[in-house]
Amino acid sequence: MNSDIVHSPRNSHSLIMRHHLKAAIILLTLARVPSAFGGESLDSLVQNAINVSLAHLERSVIEVRDTTMYPTYGTKDLKWQLRNAGDWTSGFYPGCLWYAFEMSRDRRFERWAREWTASLESEKADTGTHDLGFKFMCSYGNGLRFGKGPAYAGYTPVLLAAARTLSDRYNPVVGALGSNWDSKPSGRSFPVIIDIMMNLDLLFWASEHGGGPLMEERAIHHAETTCRDFVRTDGGTYHIVRYDPATGRVINRGTIQGAGDETAWSRGQAWGIYGMVVAYRHTHREKFLETAMRLADYFVAHLPPDRVSPWDFQSDITLKDVSATCITASALFELTHYVTSDSLRAHYRSEAEEMLRSLCRAPFFTGGRNTACLLDHSVQHLPAKSNVDVPSIFADYYFLEAILRYRDQAGGEKVRGLSGGHTH
Ligand code: GLY
């Protein structure tokens with residue numbers, strides 16, 4: 001337990017008041033500035049994006065064919081590269097198919113989603129990765145939410161087994177789950193990366209579904225450790241923090257995939273926002289809501305006029321990473337359900353909608369192009385020159401999720417994408 005993390009209601013109240021003021025000022029400014037891309041209504045852009053995405057996904061099924069292979073990153077000419085279930089991204093493709101089923105109610109998408117989900121089962125015992133939350137909540141987790149009937153009875157034990165495997169990565173001295181990779185590994189360092197926040201959903205889910213309280217406790221400690229050690233005073237985040245596993249002391253902080261140790265890698269920032277929103281969804285702890293808002297405010301404040309993030313907020317290389325914007329847009333739609341004032345709600349919704357407006361158009365959305373991918377211009381790992389400025393399956397996944405959340409909120413229904421059954 002990190003006993004030095006003390007939540008002060010008075011501090012959190014004044015922080016939230018500052019957010020209200022800031023949001024009101026931003027909304028007044030936005031009211032005077034026409035949308036950078038004006039014109040077409042967001043509803044019609046989103047409807048077009050749904051129609052085209054369903055057609056591209058249907059095409060992807062024909063192209064991929066082998067249900068043990070998974071789209072990961074695209075090539076420059078927008079063809080999917082495939083990897084097996086062992087890749088960290090393997091849950092996103094079945095996740096896209098589940099979202100396509102949810103959008104269309106077309107039973108073929110349900111069948112395809114089930115097939116690509118089933119081929120992931122053996123991954124539940126993979127002790128070599130911290131990404132089991134991504135793999136299993138996007139596939140089996142979405143299957144449980146969208147599928148009905150006895151055909152889904154086997155999904156719960158698979159999720160619980162995956163959660164137990166993930167939970168074993170926890171170091172009680174550090175108060176966090178360890179990363180399975182580091183760019184500068186050293187024997188005595190226990191690396192933790194901000195991406196791991198995204199995997200806590202699986203642990204929370206497991207504790208809520210008969211897995212016992214320990215997994216939730218570990219998830220809470222991990223999120224508290226992240227709040228304490230990863231967030232800079234300006235709300236930007238470190239990608240990696242290396243700890244001494246014996247004492248829990250921080251050895252150093254920096255980046256693997258960002259431009260520099262003191263810059264903010266935009267996808268890491270996005271994982272932080274989304275992960276904190278999920279931690280709040282499951283726990284209702286103010287600290288997680290405040291941190292989600294701080295990180296979100298930093299992200300939004302550093303966006304260019306088209307509202308699509310650069311790959312790193314401080315880099316001279318001005319490439320975009322649409323995946324960071326998809327993740328953040330989806331998270332902001334959920335955040336609107338948790339903030340306590342109308343002005344904050346309107347602020348985060350308006351920011352998420354402006355992101356979606358850009359994502360639904362060229363050069364990001366691939367509508368009208370000969371491809372099975374949905375979005376171009378993601379960056380996997382620029383310092384390693386790996387998959388730079390190409391499609392990514394996780395951009396597509398969070399894009400579809402953001403669309404579902406936008407559509408449901410526009411229709412006044414409950415928010416989508418919640419595994420905890422906690423709706424507002
Ligand atoms: N979690 C790996 C990445 O964001 O590239």
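Numbers here simply count residues along the sequence, with the first being 1. Each ligand, and each atom within it, is numbered from 1 in the order the structure gives.
In terms of N/O distances under 3.5 Å, ligand 1 is approached by Gln257. Looking at ligand 1, you'll find an N or O of Trp271 within less than 3.5 Å of one of its N or O atoms.
Using a 4.0 Å cut-off between a side-chain N of Lys or Arg and a carboxylate O of Asp or Glu, Arg405 and Glu401 qualify as a salt bridge. The residues Asp261 and Arg253 are annotated as not salt-bridged, no charged nitrogen and carboxylate oxygen being separated by less than 4.0 angstrom.
Residue contacts with ligand 1, taken as heavy atom pairs separated by less than 4.0 Å, do not involve Met198 at all.
Residue contact annotation: Trp265 has a non-hydrogen atom under 4.0 Å from ligand 1. Using 4.0 Å as the threshold, Phe394 has no heavy atom nearer than that to any atom of ligand 1.
Atom CD of Glu121 sits about 10.5 Å away from atom CD of Glu123, to the nearest 0.5 Å.
A distance of 6.0 Å or more separates the ring centres of Tyr243 and Phe190.
Close contacts of ligand 1 with Asp195, meaning ligand atoms under 4.0 Å from a residue heavy atom, involve 1 (N), 2 (C), 3 (C), 4 (O).
No side-chain heavy atom of Pro310 sits less than 4.5 Å from a side-chain heavy atom of Leu319. Looking at Trp271 and Met197, their side chains never come closer than 4.5 Å, going by heavy atoms from C-beta outward.
With respect to atom 5 (O) of ligand 1, the closest heavy atom belonging to the protein is Arg267 NH2, 2.6 Å.
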